Amino acid sequence: KAGVTQTPRYLIKTRGQQVTLSCSPISGHRSVSWYQQTPGQGLQFLFEYFSETQRNKGNFPGRFSGRQFSNSRSEMNVSTLELGDSALYLCASHEGQGEAKLFFGSGTQLSVL
Amino acid sequence: GDSVTQMEGPVTLSEEAFLTINCTYTATGYPSLFWYVQYPGEGLQLLLKATKADDKGSNKGFEATYRKETTSFHLEKGSVQVSDSAVYFCALRKPGGFKTIFGAGTRLFVKA
């Protein structure tokens, strides 16, 4: 089985722009979670989706949004980028609702200049 | 709220040394506990897990025991290798929950 695929791998944007990141989960997995990883803050939870429904949301401003499609693929969007949004964004898929074991992609490294 | 606390790194050891990385948690109920490992340039991968008190998770020579009385899940390995150099994350997730909470991570360096 193919693993979790995140695209793009690297992204450079400037302040004020918006960005969309994509995540394709492992085939058959219906849940997707997103995390922001920074050296100072570790892994911060952004969202978790199951069957196109957002099941939980972390403590991030409204500029951060996401969605999940009927094929379980997920996207997250960050609008009006700030310097502090520079981070590695990780997506993880899991088999079912509430399923504990996460399978991570390699992440999208976002740099905001 | 629920949280996970790990010992700060980096931890530097010589090859074949004994490893302990401390992890304690705060949570209501009975969460499942995990250790994930992140190698350079990669995402996290599950190393081991335990789902109830006194369970021992083990994988690749690593072990951790779910201690409800001390709310701890310390990671141990008897003899580390250079290839174990990575960042290790302790995590918890409640049954039926929709969020996995991670500790800050502990970087391990193993010298030959």
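Just so it is clear, the model here is predicted, and its values are computed rather than measured. Chain naming here is simple, since letters A, B, ... match the order of the sequence lines and numbering starts at 1 in each.
Here the closest non-hydrogen pair linking A:F45 and B:F98 is CZ-O, 3.6 Å. Minimum interatomic distance between A:F104 and B:L44 (heavy atoms only, all atoms of both residues): CB-O, 3.1 Å. Among all heavy-atom pairs drawn from A:L43 and B:F89, the shortest one is CD1-CE2, 3.5 Å. Scanning both residues, A:S106 and B:G41, for their nearest heavy atoms gives CB-O, 4.4 Å.
Sparse packing is recorded around CD of B:E8, with 12 or fewer heavy atoms of other residues, nucleotides or ligands lying under 6.0 Å away. Remark: A:R9 CZ is packed, more than 12 non-hydrogen atoms of other residues, nucleotides or ligands lying under 6.0 Å away. The number of heavy-atom neighbours closer than 6.0 Å to NZ of B:K68, taken from other residues, nucleotides and ligands shown, is above 12. More than 12 heavy-atom neighbours from other residues, nucleotides or ligands sit within 6.0 angstrom of CD on B:E69. For OH of B:Y30, the number of neighbouring non-hydrogen atoms (other residues, nucleotides, ligands) closer than 6.0 Å is 12 at most. With a 6.0 Å radius and a threshold of 12 heavy atoms from other residues, nucleotides or ligands, A:N71 has its CG atom above the threshold.
Criterion: ILVMFWY side-chain heavy atoms under 4.5 Å apart, direct or through other members. Under it, B:F109 and B:F18 are not part of a common hydrophobic cluster. Under a hydrophobic clustering in which Ile, Leu, Val, Met, Phe, Trp and Tyr are joined whenever their side-chain heavy atoms come within less than 4.5 Å, directly or via other members, B:I101 and B:L33 fall into the same cluster.
Using a 4.5 Å cut-off between heavy atoms, A:Y35 touches chain B through its side chain atoms alone. When heavy atoms are compared at a cutoff of 4.5 Å, A:Q37 approaches chain B solely by way of its side chain, counted from C-beta outward.
In this structure, A:R55 and B:K99 have side chains that are not in contact, with every pair of non-hydrogen atoms separated by 4.5 Å or more. In this structure the side chain of B:R93 reaches within 4.5 angstrom of the side chain of A:H94, judged on heavy atoms.
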Q: For B:Q38 and A:L88, run side chain to side chain contact (heavy atoms under 4.5 Å, CB included): C-alpha distance rounded to whole Å, both residues' side-chain angles, the deciding distance at 0.1 Å, then the answer.
A: CA-CA 13 Å; B:Q38 186 178 32; A:L88 180 66; 4.1 Å; yes
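A distance of 11.0 Å separates CZ in B:F102 from CD in A:Q44, rounded to the nearest 0.5 Å.
Between the B:Y36 side chain and the A:L102 main chain, a donor and an acceptor come within less than 3.5 Å of each other.
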